[in-house]
Amino acid sequence: MPGRERIETELVVVGAGAAGLYAALNAASLGASVTVISATPLAQTASYWAQGGIAAALGDDDSPALHLADTERAGRGLVRRSAAEILVNEAPEIIADLQRIRMRFDADSDGALALGLEGGHSRRRIVHAGGSSTGRRLARQLSAALVREPRVTILEGTRASNLWAEDGRVVGVVCEDGLAVAARAAIIATGGAAALWQRTTNPPGSIGIGITLARAAGAAVADLEFVQFHPTAVTGVPGREGYLISEAIRGEGATLIGPDGERFVDELAPRDEVARAIWSVLEQHSVDSVGLDMRAVDAGRFPNIAEALQQSGLNPSSELIPVAPAAHYMMGGVVSDLNGATNVAGLYVIGESACSGLHGANRLASNSLSECIVFGARAARKALDEPAAVAGQPPISVALELPSQATREAMWRNAGLIRDRAGLELLIDDPYPLAAMVARCALAREESRGTHWRSDFPALEPELDLKHAVISGPEPTFEEWH
Ligand code: SIN
């Protein structure tokens with residue numbers, strides 16, 4: 001019989017990636033007590049693995065309006081403008097805020113912020129730290145700031161098993177070991193679900209735990225058919241399967257080379273376009289990889305990538321790196337408003353677990369860390385306005401189901417870059433509930449748009465512009481978001 005220990009706090013945050021840590025820090029700075037629950041150690045969060053940077057319109061030739069236009073163009077007619085406006089307008093300020101907590105971004109030779117370029121951006125606007133180590137440095141810096149906060153308790157190695165709800169309001173979180181954390185609000189920040197696909201760039205914990213918990217508590221989920229496949233993940237190299245080669249490297253001039261020795265795509269087009277172009281080369285030539293030519297790039301600017309490749313016996317300054325697409329980021333998640341609130345009172349969601357409509361059908365590169373920070377701060381402020389909870393007896397914790405290898409293989413086969421009805425229907429009865437929900441959204445969207453490509457419905461249907469597939473009952477329904 002597990003123990004029944006109980007903690008009282010004002011805010012409970014589930015997940016210790018960039019979004020969760022920043023939300024906790026903001027809540028603590030407003031005077032609240034915060035408990036952060038994290039199943040995995042910091043180094044296994046998706047934020048820690050993130051090689052991309054933080055997108056913000058900071059250059060003299062840039063503006064939030066241009067950042068908005070690029071976000072909307074990449075999102076293929078599905079971006080919720082109100083959410084994207086918040087992101088592009090608030091992103092520049094958060095860079096300054098992160099500098100206040102001693103986050104050091106890469107600088108150019110004049111000491112100004114060095115702004116990088118990635119796919120789909122019309123201007124240089126990505127700030128990095130340590131080249132491709134931005135996520136790692138951000139997570140470390142936020143953790144260091146939190147450790148200095150006496151009001152914050154971090155429970156590492158503790159897995160949330162269910163949300164604690166009373167009279168339709170979330171009043172806390174129950175953990176697998178029986179610990180119950182009572183709070184006036186809970187924020188889900190557990191990341192996405194790209195590790196549900198066999199070939200992925202994500203850590204193994206990215207299986208949508210928070211999305212599953214929120215849905216079980218009655219929260220609506222949406223846009224699960226939109227999963228971004230990163231174009232350049234290493235393949236065929238033992239021990240490095242799925243290792244991400246940052247798009248920032250293409251931003252500095254790396255090119256993609258097909259088996260015939262020729263370039264075949266604009267390497268800085270939005271990610272859905274580049275991933276699909278690679279996929280057709282793989283199919284057409286019956287090969288497993290294309291070559292990433294990094295020979296013109298100063299690999300020393302991306303030390304962690306250069307080191308990982310060298311450890312695998314690959315020399316980026318003299319040979320092509322074998323790459324192919326891998327599942328990387330889920331645009332869908334728990335439906336949230338512009339402050340991270342869900343349809344369940346007391347329940348908030350931020351970061352990749354959330355679906356505010358910001359990314360539409362295809363996220364613009366490096367908008368995700370910006371989202372974690374911008375919406376993490378907003379959700380923390382709003383959640384503290386919830387009435388103080390008077391929680392009674394917590395529910396019994398339940399052991400969480402994990403996806404099997406068979407589920408991950410089936411997702412790759414049937415809900416990969418190119419899908420069709422016959423394959424998606426095979427997932428409908430999958431024992432992992434989130435896999436079945438992805439299939440239901442993907443079946444409902446009978447068109448091809450962004451990262452969702454149906455071979456049986458290859459055209460984009462303009463009447464589905466701005467329409468999001470929302471699951472709040474047995475079948476998805478389409479809702480228009482502005
Ligand atoms: C990358 O560095 O290519 C990934 C960054 C992102 O997912 O935006």
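Sequence positions, counted from 1, serve as the residue numbers for this chain. First listed ligand is number 1; within each ligand, the first listed atom is number 1. Note that the structure is predicted; figures quoted are calculated from it, not measured.
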Exercise for the section: If you have a sec, work out which protein heavy atom is nearest atom 2 (O) of ligand 1 and how many Å separate them, to one decimal? Expected result: Ser246 OG, 2.6 Å
Handout entry: Between His482 and Arg80, a side-chain donor and acceptor under 3.5 Å
Key = no
Practice task
Provide the number and element of each atom of ligand 1 under 4.0 Å from a heavy atom of Glu247.
Solution key: 1 (C), 2 (O), 3 (O)
Problem - Between Ser368 and Arg363, a side-chain donor and acceptor under 3.5 Å - result: yes
Practice task
Give a yes/no on ligand 1: does Ser366 have at least one heavy atom closer than 4.0 angstrom to it?
Solution key: yes
Completion exercise
re atom 4 (C) of ligand 1, the protein heavy-atom contact at minimum distance is Arg271 NH2, 3.5 Å
Handout entry: Within 6.0 angstrom of Lys467 NZ, more than 12 heavy atoms from elsewhere
Key = yes
Handout entry: Polar contact flag for Gly52 and ligand 1 (N/O pairs, less than 3.5 Å)
Key = yes
Problem - ligand 1 N/O within reach of Arg363 N/O, cut-off under 3.5 Å - result: yes
Handout entry: Glu371 side chain to His359 side chain, donor-acceptor N/O pair below 3.5 angstrom
Key = yes
Handout entry: Polar proximity ligand 1 side, Ser368 side, N/O cut 3.5 Å exclusive
Key = no
Fill in the blank from the handout: Between Ile94 and Ser370, the two heavy atoms sitting closest are CD1-O, 4.2 Å
Practice task
Would you kindly say whether His128 and Thr134 are connected by a side-chain donor-acceptor distance under 3.5 Å?
Solution key: no
Practice task
Verify whether one side chain among Asp223 and His468 offers a donor that lies under 3.5 Å from an acceptor in the other.
Solution key: yes
Handout entry: Those atoms of ligand 1 less than 4.0 Å from some heavy atom in His328
Key = 4 (C), 6 (C), 7 (O)
Practice task
List every atom of ligand 1 that sits less than 4.0 Å from any heavy atom of Ala365, numbering the atoms from 1 in the order shown and giving each element.
Solution key: 8 (O)
